[in-house]
Amino acid sequence: MGKLSKTTAPVLSRVLSEIRQLVEAARQRVVSTANLTLVWLNWNVGRVIAHDIQKNQGRADYGKQLIEALGARLTKEYGSGYSARSLWDMRRFYEDFKILPPLGEKSAGVNIPPPLVAES
């Protein structure tokens with residue numbers, strides 16, 4: 001790489017600074033999107049489990065058996081983040097933090113998970 005002229009050096013510095021800002025903003029957006037996606041996933045896994053357990057609440061120990069079996073299968077497929085203990089936490093997360101669908105979806109009886117990214 002050759003030497004920069006006195007007139008090119010300030011331009012390079014300005015353009016380099018602007019590109020660095022874009023790269024850092026993109027990195028932050030990736031982290032934020034990944035975190036939001038994990039919250040969405042965990043809440044919805046908890047939702048599925050809670051609704052199934054509620055449908056079968058007349059059966060003794062159904063919830064415990066279901067979560068233990070799911071934890072064993074999901075841990076084999078996806079790793080320890082889906083253990084029975086994690087699934088219990090996801091269920092509790094769903095129950096403690098209700099996310100309501102938009103009015104149109106609720107009134108139409110549509111069961112759509114919340115969007116991954118909120119509109120700005």
Side-chain angles (χ1 to χ4, degrees):
M1 192 158 110
K3 284 188 170 185
L4 297 175
S5 69
K6 288 182 182 183
T7 57
T8 306
V11 173
L12 174 67
S13 179
R14 178 184 50 78
V15 171
L16 185 58
S17 174
E18 191 172 335
I19 291 172
R20 283 181 175 144
Q21 288 175 3
L22 290 169
V23 170
E24 292 303 320
R27 285 180 174 176
Q28 186 57 43
R29 190 171 196 166
V30 167
V31 169
S32 181
T33 301
N35 287 338
L36 184 59
T37 301
L38 287 173
V39 167
W40 176 87
L41 173 62
N42 291 341
W43 188 87
N44 278 290
V45 168
R47 177 184 58 83
V48 169
I49 291 169
H51 286 201
D52 189 78
I53 289 172
Q54 287 170 353
K55 288 179 196 173
N56 295 286
Q57 61 185 328
R59 295 169 51 193
D61 291 328
Y62 175 79
K64 183 176 183 193
Q65 291 172 6
L66 174 70
I67 290 180
E68 292 295 328
L70 286 170
R73 293 261 179 105
L74 291 170
T75 297
K76 284 181 183 177
E77 290 182 47
Y78 299 109
S80 62
Y82 296 91
S83 67
R85 180 184 168 119
S86 293
L87 296 176
W88 282 112
D89 289 342
M90 291 176 200
R91 178 184 177 206
R92 203 167 19 262
F93 177 53
Y94 166 76
E95 290 172 344
D96 289 347
F97 297 95
K98 294 292 182 193
I99 299 173
L100 301 176
L103 289 177
E105 292 175 11
K106 188 174 184 179
S107 62
V110 178
N111 189 11
I112 299 174
L116 287 176
V117 180
E119 293 181 16
S120 54

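Since the structure is predicted, the reported quantities are computational estimates derived from the model, not experimental observations.
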Point to revise | Straight-line distance of L36 CG to L41 CG, nearest 0.5 Å | key: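 Rounded to the nearest 0.5 Å, the CG-CG separation comes to 11.5 Å.
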**Study point:** Value rounded to 0.5 Å, distance of CG in N42 from CZ in R47
**Key:**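 Rounded to the nearest 0.5 Å, the CG-CZ separation comes out at 13.0 Å.
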Exercise for review: Please go through V11's hydrophobic cluster and name the other residues, only I, L, V, M, F, W, Y counting, with side-chain heavy atoms under 4.5 Å joining them.
Suggested key: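 Via sub-4.5 Å side-chain contacts, V11 links to V15, I19, V23.
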Review point. How does the hydrophobic cluster around V30 look, that is, which other residues are in it when side-chain heavy atoms under 4.5 Å mark a link?
Key: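 ILVMFWY cluster around V30 holds nothing else.
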Review point. With a 4.5 Å limit on heavy-atom distance, are the side chains of R73 and Y82 in contact?
Key: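 With C-beta onward as the side chain, the pair stays apart.
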Review point. Under 3.5 Å, is there a donor-acceptor pair between the side chain of S32 and the main chain of Q28?
Key: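 Answer holds: no.
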Practice item. Could you tell me whether the side chain of T37 and the main chain of T33 form a donor-acceptor pair under 3.5 Å? Key: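 Side chain of T37 to backbone of T33: a pair is present.
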Between [X] and [Y], which heavy-atom pair has the shortest distance, and what is it?
X: F93; Y: W43; value: CE2-CB, 3.5 Å
X: K64; Y: W88; value: CA-CZ2, 3.8 Å
X: S86; Y: G81; value: CB-O, 3.1 Å

Point to revise | Partner residues of E95 under the side chain to side chain donor-acceptor pair (under 3.5 Å) criterion, sequence neighbours left out | key: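 For E95 the side chain to side chain donor-acceptor pair (under 3.5 Å) partners, ignoring immediate neighbours, are R91.
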Practice item. Only counting residues at least two apart or in another chain, list the ones meeting side chain to side chain donor-acceptor pair (under 3.5 Å) with T7. Key: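 So T7 forms a side chain to side chain donor-acceptor pair (under 3.5 Å) with S5.
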Please determine whether residues [X] and [Y] belong to a single hydrophobic cluster, defined as Ile, Leu, Val, Met, Phe, Trp and Tyr linked transitively by side-chain heavy-atom distances below 4.5 Å.
X: I49; Y: L74; result: yes
X: V45; Y: L66; result: yes
X: Y78; Y: M90; result: yes
X: L22; Y: L12; result: no

Review point. Does K98 make a cation-pi contact with Y94 (under 6.0 Å, within 45 degrees of the axis)?
Key: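 Yes.
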Point to revise | side chain to side chain contact (heavy atoms under 4.5 Å, CB included) against R85, all qualifying residues, sequence neighbours excluded | key: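 Scan of R85 (side chain to side chain contact (heavy atoms under 4.5 Å, CB included), adjacent residues dropped) gives S83, D89.
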Practice item. Please check if atom CD in E77 has more than 12 non-hydrogen atoms from other residues, nucleotides or ligands closer than 6.0 Å. Key: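 For E77, atom CD is crowded (more than 12 foreign heavy atoms under 6.0 Å).
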Which side-chain N or O atoms in residues 53-62 pair as donor and acceptor under 3.5 Å with protein atoms at least two apart or in another chain?
{"from": "N56", "atom 1": "ND2", "to": "D52", "atom 2": "O", "distance (Å)": "3.0"}
{"from": "N56", "atom 1": "ND2", "to": "Y62", "atom 2": "OH", "distance (Å)": "3.4"}
{"from": "Q57", "atom 1": "NE2", "to": "Q54", "atom 2": "O", "distance (Å)": "3.4"}
{"from": "Y62", "atom 1": "OH", "to": "D52", "atom 2": "OD2", "distance (Å)": "2.3"}

